[in-house]
Amino acid sequence: MLWVTCPLCGHRPIDEFKFGGEIPDVPASITDDAARDLDHVWMFNNVDGVTTERWFHEGGCRRWMTLKRDTHLDRVIED
Amino acid sequence: MNEFVETLLDLQWHEPKSSYDVVIVGGGGHGLATAYYLATRHGITNVAVVEANYIGSGNSGRNTTIIRANYGIPESIRFYQHSMDLYKTLEDDTGCWIMHDTKGLIWLAHTESAMRSERARCQLNTAMGTETIMVDPAEIKQLCPQIDLTGSGRYPVLGASHHVGASTARHDRVVWAYAQGAMRLGVHVLQNTPVTGLVMDGDRVTGVKTATGNISAGVVMSAVGGDVTQFAAHAGVRLPIRTHPLQAFVTNGYAQGFGPIISDTELLSYVSQTARGQMLIGAEYDRQQSFSRQSSFDFLQSCATKVSYLLPFLKNLRIMRQWTGRCDVSSDFSPVMGFTPAPGFVITTGWGTWGFKAIPAGGEAMAELIATDTTPEIIEPFSLNRFATDHSMADQGSTGTR
């Protein structure tokens, strides 16, 4: 099981958390405003490697947190 | 694919050429079905299917083989119903036995709101010509005597929708049937040939890069599963796709005759029996995106607990095998098929947890799209530009996922 270090609650199993998804990051190569909006709403970077994402500690302090995870191996990267 | 399988099949391997009319990347069900229909329906045989591993080694070999059409939006019902119809005649079309078995699917409801959803599903399915009817607990018990209608006291069954035409087929045999049919007509299938990039001429895609050299193509189709975001990025195409792992497992053999497929939105799991008598059990995909194909004990524990509330006999079985596939889940939980902003590059993706049932219809439509250079009406609603035109095909409730 994956374990996550919550800044408030400490080392907790991932079952307590809700996945909030990757932080939207529209590529700079898209310059048109409407195209940037479209990309922000619908498209994903879906990174195969280290990504920064949001998690919600539903079964704990009920606060949002940001963490880094390697999606290739599904491992949380602790700072 | 092992040597034993090779002796069963009549697969004609070819030396790769440096140029084809159509190059299909991904030798799973969708890629091979497209090649098959290009050859049989449209006479286009100068086609290569390029596969990184062996054919059917990706999600075509990792699914739970359920074929159904009881979706929640008209566009999807029409598309999947057509796919079911093609599956029914696939054995005659290809001359291959795919172990197609019509079982019916029971989608259980444990709450009044779930009952309303199932009633709505029945109404819409009926309106679209798909046979889905409401059944009460007594009828459920008749269809599936093993079920505990109290859900072990925790998940009482109030009723269910019964999708009468739902079926299963042997996943490998579907892949092989299409491969064999396509290869007989001269389609080249190149196994163990990972595609490392796309050959571009300005915006236009003109071929694929492999370790043994470039292959040029009039049209490149992506039927990639799992790595599709990275692959499409070579052509500068952005996709509404997140990749999540999905796990499933089979138990040891149980007395033959477990009738229908049992599905459950509240418990997010589904159970069917394979032709060998093993109970095949799957659940929703992992909550977090990942490209890992690692199976986990947590999944076994939670999924086995949930399904044994409804089917207590499962507690006495042993788990034989467990595996993981990578699901490309689209933003609106419907597939993405058709042209992309890059000329010469067409795509079939977003097959999430619903790709196997769509293999015949998806392949047929993509073949028509490539052959005629126009989008067939049946897949028009699923084009990539639906997000830009604000016509998303939102249907999460029918996918059996959270």
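Values reported hereafter were calculated over all heavy atoms of this structure, with side chains retained and with hydrogens, waters and symmetry mates removed. Throughout, a chain's letter reflects where its sequence line sits, starting with A, and its residues are numbered from 1.
With a 4.5 Å cut-off on non-hydrogen atoms, A:Glu53 does not touch chain B at all. Only the side chain of A:Arg69 comes within less than 4.5 Å of a heavy atom of chain B; its backbone N, CA, C and O stay farther away. Neither the backbone nor the side chain of A:Asp70 comes within less than 4.5 Å of any heavy atom of chain B. Proximity to chain A (any heavy atom under 4.5 Å) is shown, for B:Ser302, by neither the backbone nor the side chain. With a 4.5 angstrom heavy-atom cutoff, A:Val47 touches chain B only via backbone atoms. Proximity to chain A (any heavy atom under 4.5 Å) is shown, for B:Ser296, by neither the backbone nor the side chain. Within the 4.5 angstrom heavy-atom criterion, no atom of A:Asp37 approaches chain B.
More than 12 heavy atoms of other residues, nucleotides or ligands shown are found within 6.0 angstrom of CD on B:Glu266. Enclosure of atom CG in B:Asp203 is not indicated, since only 12 or fewer non-hydrogen atoms of other residues, nucleotides or ligands lie within 6.0 angstrom. Sparse packing is recorded around CZ of A:Arg63, with 12 or fewer heavy atoms of other residues, nucleotides or ligands lying under 6.0 Å away. Enclosure of atom CG in A:Asp32 by more than 12 non-hydrogen atoms of other residues, nucleotides or ligands within 6.0 angstrom is indicated.
Note: B:Ile241 leads B:Asp390, B:Ile241, B:Asp328, B:Asp332 in heavy-atom pairs under 4.5 Å with chain A. No other option in A:Ala34, A:Pro27, A:Gly21 has as many heavy-atom pairs under 4.5 Å with chain B as A:Pro27.
Residues B:Arg386 and A:Trp42 fail the side-chain proximity criterion, which asks for heavy atoms closer than 4.5 Å. Between B:Phe387 and A:Leu38 the shortest side-chain heavy-atom distance falls below 4.5 Å. Using a 4.5 Å heavy-atom cutoff, the side chains of B:Gln288 and A:Leu2 are in contact. Side-chain contact between A:Lys18 and B:Arg287 is absent, with no heavy atoms from C-beta onward closer than 4.5 Å. At a threshold of 4.5 Å between non-hydrogen side-chain atoms, the residues B:Phe291 and A:Leu73 do not count as touching. Contact annotation: the side chain of B:Asp227 approaches that of A:Asp48 to within less than 4.5 Å [non-hydrogen atoms, C-beta and beyond].
Put simply, CG on A:Asn45 and CD on B:Gln289 are 9.5 Å apart, with the number rounded to the nearest 0.5 Å. Taken to the nearest 0.5 Å, the CG atom of B:Asp298 stands 9.5 Å off from the CD1 atom of A:Ile14.
Under the 3.5 Å distance criterion, with hydrogens and angles disregarded, no donor-acceptor pair is assigned to the side chains of B:Ser292 and A:Asp74.
The heavy-atom pair separating B:Leu239 from A:Met43 by the smallest distance is C-SD, 3.4 Å. Taking each heavy atom of A:Phe44 and B:Thr229 in turn, the nearest pair found is O-CG2, 4.1 Å.
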